[in-house]
Amino acid sequence: MPEKIIGRKVVILGSGPAGLTAAIYASRAQLEPLVVDGPQPGGQLTITTDVENYPGFADGIMGPALMTEFRTQAERFGTEFSNLWISEVDLSARPFTLHGKESPESDEVSAIIKAETLIISTGASAKWLGIPGEAPVPEGFGGNGVSACATCDGFFFRDVPIIVVGGGDTAMEEALFLTRFASKVTVVHRRDEFRASKIMQDRVLEHDKIEVLWNTEVREILGTKDKGVESARLFNNVTNEESDHATRGVFVAIGHKPNTELFRGQLDMDEVGYLITEGRTMRTNIPGVFACGDAQDSYYRQAVTAAGTGCMAAIDAERFLAEQEHEAAATTPAAV
Ligand code: NDP
């Protein structure tokens, strides 16, 4: 039997800019929200360095410091935090039921959370190629030459050649950023044209430190434990030729996947898994469940837009609860 039952008017899953902004608004509305941190407390900004485009910080701010500010502000108004691992959600009836474990490996449910409203801000994670050599150390070179975050790891690749995989705006942005450090950046793309916006493509194609290998796939990342990555095995899908390309780093920039598997079969999502919300609101297909941030937005994916949708989700939740109370009062017979 689970040890604890936690009941809340508002439960927020995820603690990036969307979740913490929702928490600030919900706690200022005296709804005493509970934020379930998730596997990466603070979200994706905690693995970036300088954030120069978050309004209000004229000189920029470090990603982790920005998220500490968000958290402190949410705590100031009474937000509570939980580091439970949510293994299952049941959205078939209100209050919604969430099963919380101490860790992903744990067999036992240690707490049941009952939520009158649920705000989903579980964010997105970088996609990987799924090739040999890509997995995290010790199985592969992840963290030792393989990365999905140029701003986090670019600094470690001074004056050495590196590869960026992908043809979208993220790949362009990563490649351009990495020219600050690397001796040469090779963009490896599986087709003969980029998906990225024209302006970003032009910047990449015109940059004298960047070379593009078209119609090329990375099949394997090779190296040694001591030296890290030394080369990438490339496959040209037009000539069918395989070759080894010397490189010290491989940056995978092939898009993101929303962290929404937990809700599959219950909430409407698009083919990639982004949660679908109604019109200008953050309402999902289940009344009382709201979605915001990168779990819901595949298009803008910015800290400030995530924060904006977090605010909207909290206001939607607050109004939903007020309507429920109003309806309950209207159907309750007056005392005689
Ligand atoms: P995208 O989905 O736009 O691009 C992903 C790229 O990776 C595509 O070129 C795709 O190839 C390639 N790819 C996907 N899977 C594989 C695979 N298994 N092997 C090899 N290549 C693969 O994702 P992004 O993250 O680039 O962008 C997402 C959204 O965010 C876009 O709307 C983008 O405009 C926006 N964005 C905007 C920025 C800006 O304006 N500054 C910065 C970053 C993102 P293929 O083309 O063949 O499908």
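Whatever order the structure lists ligands and atoms in, that order sets their numbers, starting from 1.
At least one heavy atom of Ser298 sits less than 4.0 Å from an atom of ligand 1. Between His189 and ligand 1 there is a heavy-atom distance shorter than 4.0 Å.
Protein heavy atom closest to atom 2 (O) of ligand 1, with residue, atom name and distance, is Arg195 CD, 4.1 Å. With respect to atom 35 (C) of ligand 1, the closest heavy atom belonging to the protein is Tyr299 O, 4.0 Å. Looking only at protein heavy atoms, the nearest one to atom 37 (C) of ligand 1 is Asp169 CB, 3.6 Å. For atom 19 (N) of ligand 1, the nearest non-hydrogen atom of the protein is Leu129 CD2, 3.4 Å. Ranking protein heavy atoms by distance to atom 7 (O) of ligand 1, first place goes to Ile254 CA, 3.3 Å. Shortest contact from atom 43 (C) of ligand 1 to any protein heavy atom: Thr170 OG1, 3.4 Å. Atom 11 (O) of ligand 1 has Arg190 NE, 3.2 Å as its closest protein atom, hydrogens excluded (heavy atom only). For atom 23 (O) of ligand 1, the closest non-hydrogen atom on the protein side is Gly255 CA, 3.7 Å.
For the pair Lys209/Ser183, no side-chain contact is recorded, criterion being any heavy-atom separation below 4.5 Å from C-beta on. By the 4.5 Å heavy-atom criterion applied to side chains, Ile254 and Val165 are counted as neighbours. In this structure, the side chains of Leu118 and Leu91 come closer than 4.5 Å at one or more pairs of heavy atoms. Taking 4.5 Å as the limit, some side-chain heavy atom of Val10 sits within range of a side-chain heavy atom of Leu321. By the 4.5 Å heavy-atom criterion applied to side chains, Pro258 and Thr122 are not counted as neighbours. Between Glu80 and Leu34, some side-chain heavy-atom pair lies under the 4.5 Å cut-off.
Contacts of Leu262 classified as side-chain contact (heavy atoms from CB on, under 4.5 Å), with partners at least two apart in sequence or in another chain: Ile86, Val89.
Close N/O approach between Lys127 and ligand 1 is not found [any backbone or side-chain N/O within under 3.5 Å]. Inclusion of Gly167 in the set of residues having an N or O under 3.5 Å from an N or O of ligand 1 is warranted.
Distances from atom 31 (C) of ligand 1 to the protein include no heavy-atom value under 4.0 Å.
Residue Val185 is tested with Ile162, Leu176, Ile163, Val212 for a side-chain contact (heavy atoms from CB on, under 4.5 Å); the sole match is Ile162.
The option with the heavy atom closest to atom 42 (C) of ligand 1, from among Arg191, Glu217, Glu173, is Glu173.
Contact annotation: for Arg301 versus ligand 1, heavy atoms closer than 4.0 Å belong to the side chain alone.
Salt bridge Lys198/Asp202: present, at least one basic N to carboxylate O contact under 4.0 Å.
Using modelled atom types and a 3.5 Å distance limit, the side chains of Ser92 and Asp90 yield a donor-acceptor pair.
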